[in-house]
Amino acid sequence: MIRCDAADHGILRQHDRRRPGLNHLAFHVEDAAILEKLTADAAQHGWHLMLPERHPYADGAQHYAAYLENDDGFEVELVAIKSPERN
């Protein structure tokens with residue numbers, strides 16, 4: 001479990017990935033099929049793909065991943081340990 005507390009004299013602000021602190025969390029998943037299922041399921045819980053036009057290779061051809069963000073600006077990265085060969 002990771003807990004991050006932030007307060008600015010009692011005023012809570014929206015998460016900003018450029019401020020000091022945690023940018024995003026990355027998780028390994030077994031393979032591309034599980035990654036795609038988690039990505040689809042995440043949409044039902046308020047998460048959306050950050051770069052849908054480049055999914056799942058937003059970070060290059062050798063990196064099969066989903067970059068997700070919620071309405072509060074928090075980001076997670078899901079990375080497939082076993083990814084399919086890209087043609």
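Side-chain atoms are counted along with the backbone in the values below, which use heavy atoms only and exclude waters and symmetry mates.
Criterion: ILVMFWY side-chain heavy atoms under 4.5 Å apart, direct or through other members. Under it, L38 and Y57 are part of a common hydrophobic cluster. Note on M50 and V79: separate hydrophobic clusters, where clusters join Ile, Leu, Val, Met, Phe, Trp and Tyr whose side-chain heavy atoms are under 4.5 Å apart, directly or indirectly.
Each salt bridge (charged side-chain N to carboxylate O under 4.0 Å, His left out) pair with one or both residues in residues 37-50, not counting sequence neighbours, appears once here: K37-D41.
The backbone N or O of E69 sits less than 3.5 Å from a side-chain atom of H48, completing a donor-acceptor pair. Judged purely by atom type and a 3.5 angstrom limit, D72 has no side-chain atom pairing as donor or acceptor with the backbone of F74.
At least one side-chain heavy atom of W47 sits less than 4.5 Å from a side-chain heavy atom of V76. Looking at H55 and E36, their side chains come closer than 4.5 Å, going by heavy atoms from C-beta outward. By the 4.5 Å heavy-atom criterion applied to side chains, P56 and H63 are not counted as neighbours.
L49 CG to Y67 OH: the interatomic distance, rounded to the nearest 0.5 Å, is 11.5 Å.
The heavy-atom pair separating A65 from L35 by the smallest distance is CA-CD1, 3.8 Å.
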Show every donor-acceptor pair shorter than 3.5 Å between a side-chain atom in residues 25-32 and any protein atom, with sequence neighbours excluded, or say none if there are none.
unit_1, atom_1, unit_2, atom_2, d
E30, OE2, K82, NZ, 3.0
D31, OD1, A33, N, 3.2
D31, OD1, I34, N, 3.0

